[in-house]
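When a residue number appears, it is its place in the shown sequence, counting from 1.
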Amino acid sequence: MATGWAGDGAVQDQIDATVSDAIKRARSRLPSGPGLEQCEECDAPIPEARRAAIPGVRLCVACQQLQDEADAASSGYNRRGSKDSQLR
């Protein structure tokens, strides 16, 4: 298959780089250290079960959901340079 100036496997290299970047970004956001008993955003109590399940938890469920939604809305860049992804 003719790929122009791109070398063999260039598309796979782009995919691998995108996955690697996403893994690094996700690992950097993992909570660490001791968890909080009160949410750092709204000061609501964080249930014991949540603190046991997620080491280093800092947000209550409601605040975490809002943060996740905000992160999802602003994430992603298409490395292949699709015009649609760049026009957002």
Side-chain angles (χ1 to χ4, degrees):
M1 181 162 129
T3 59
W5 295 102
D8 291 340
V11 172
Q12 186 62 48
D13 291 343
Q14 288 177 340
I15 293 168
D16 292 344
T18 301
V19 170
S20 179
D21 289 348
I23 291 170
K24 287 178 188 174
R25 190 170 46 251
R27 285 184 177 159
S28 73
R29 290 192 312 241
L30 286 175
S32 61
L36 300 178
E37 292 186 13
Q38 304 289 116
C39 176
E40 68 182 7
E41 292 290 324
C42 70
D43 209 33
I46 299 175
E48 177 64 33
R50 179 167 171 75
R51 288 186 280 140
I54 305 171
V57 68
R58 307 189 72 72
L59 300 174
C60 67
V61 174
C63 290
Q64 184 67 55
Q65 184 175 9
L66 290 174
Q67 182 178 357
D68 291 347
E69 289 170 0
D71 290 347
S74 64
S75 70
Y77 177 78
N78 186 344
R79 289 180 179 270
R80 296 184 75 186
S82 145
K83 289 180 185 177
D84 292 339
S85 69
Q86 294 177 8
L87 294 175
R88 286 190 214 168

remark   = Residues joined to Val57 in its hydrophobic cluster, side chain to side chain under 4.5 Å directly or through other members, sorted by chain and number, are Leu36, Ile46, Ile54
query = Which heavy-atom pair separates Pro34 from Arg58 by the least distance, and what is that distance?
reply = O-NH1, 4.0 Å
note = Hits for side chain to side chain contact (heavy atoms under 4.5 Å, CB included) against Gln38, two or more places apart or cross-chain, chain-then-number order -> Asp43, Pro45
message = Looking at Glu37, I'd like to know if its CD atom is crowded, meaning that more than 12 non-hydrogen atoms belonging to other residues, nucleotides or ligands lie closer than 6.0 Å.
response = no
query = At their closest point, which heavy atom of Cys60 faces which heavy atom of Cys39, and how far apart are they?
reply = N-SG, 3.4 Å
query = In Å, rounded to the nearest 0.5 Å, how long is the span from OG1 of Thr18 to CD1 of Ile23?
reply = 11.0 Å
query = Between atom CG of Leu66 and atom CD of Glu41, what is the distance when rounded to the nearest 0.5 Å?
reply = 9.0 Å
Interatomic spacing from CD in Glu69 to CD in Gln67 - rounded to 0.5 Å = 11.0 Å
Sub-4.5 Å side-chain heavy-atom contact between Lys24 and Arg27 = no
message = Donor-acceptor pair, distance only, cut-off 3.5 Å: does the side chain of Arg50 make one with the backbone of Leu59?
response = yes
